[in-house]
Amino acid sequence: MEKPSRLVIAVDGPAASGKGTIARALARHYDLPHLDTGMLYRGVALSLFRFGGDPGNVFEARRAVEALEQVDLGDEELRSETIGEIASRVSAYPEVREALFKRQQDFAGQDGGAVLDGRDIGTVIAPDATAKLFVTASPEVRAQRRFKEIEGRGIPVHLEDVLADIRARDERDAGRDSAPLAQAADAVLLDTSAMGVEEAIAKALEAVEAARG
Ligand code: CDP
């Protein structure tokens, strides 16, 4: 496996689209460091949740960013739906996004490059990325995937609730003024609705290779 001189890969997409799985596979393939930027927003959400802060209050959300260092970004609690919901709300504040900007940009600027996944990597964080992917799937397919993931963690859940949550999250992520979820003009669209994991990864690799060439 050759290590390219500088390869920055931006992987964006809506909730449960499979962008994280693809980003991790690309990072492994190219031997690059990987940052799941959703975890930063989830970290802010957990920090806010722990001090009983109000997600509707921008000052409290901003305070939660200051306390982010106290959150272990490997904490399982970050993956919960409650925290995902709060993350989706606090990530709409430009103040929160600005406070997390440099950390993400520095990560993308590392020697040798990096893989980052999120909502605004190709549009805001790394607009000059070598390769940009926009990974998506129908809300129904994404709800099914998230449903299995939650069930797999032993948590009882209804598919309809997961679907409703996915739709609400999509609306909030795409409808906000600050860095809304959007496909960059030069991003390759990867609709994984009818693809298995292996096929999605293979297609993503093809797209990155095409962008490098
Ligand atoms: O796992 P899932 O795709 O549901 O969410 P995530 O990627 O962990 O991100 C959690 C929340 O953070 C999302 O609902 C987004 O609103 C927000 N987010 C963001 O605004 N910008 C990013 N670069 C990454 C996540």
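In each ligand, atom 1 is the first atom listed, and ligand 1 is the first ligand listed.
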Query - Exercise: do Arg172 and Ser91 side chains pair donor with acceptor under 3.5 Å - result: no

Query raised in the report: Got the residues with a heavy atom under 4.0 Å of ligand 1, by chain and number?
Result: Ala15, Ala16, Lys19, Thr37, Gly38, Tyr41, Arg42, Ala87, Ser88, Ser91, Arg97, Gly118, Arg119, Asp120, Arg146, Arg169, Asp173, Arg176

Requested in this report: Scan residues 189-199 for pairs that pass side chain to side chain donor-acceptor pair (under 3.5 Å), counting only residues two or more places apart or in two chains.
Outcome: Arg145-Thr192, Asp191-Ser193

Query raised in the report: Is it true that a side-chain atom of Glu171 and a backbone atom of Ala168 form a donor plus acceptor pair closer than 3.5 Å?
Result: no

Query - Student check: side-chain heavy atoms of Arg97 and Asp120 closer than 4.5 Å - result: yes

Query - Residues which pass salt bridge (charged side-chain N to carboxylate O under 4.0 Å, His left out) with Arg89, listed by chain and number, not counting sequence neighbours - result: none

Query raised in the report: salt bridge (charged side-chain N to carboxylate O under 4.0 Å, His left out) with Asp117: which residues, sequence neighbours excluded?
Result: none

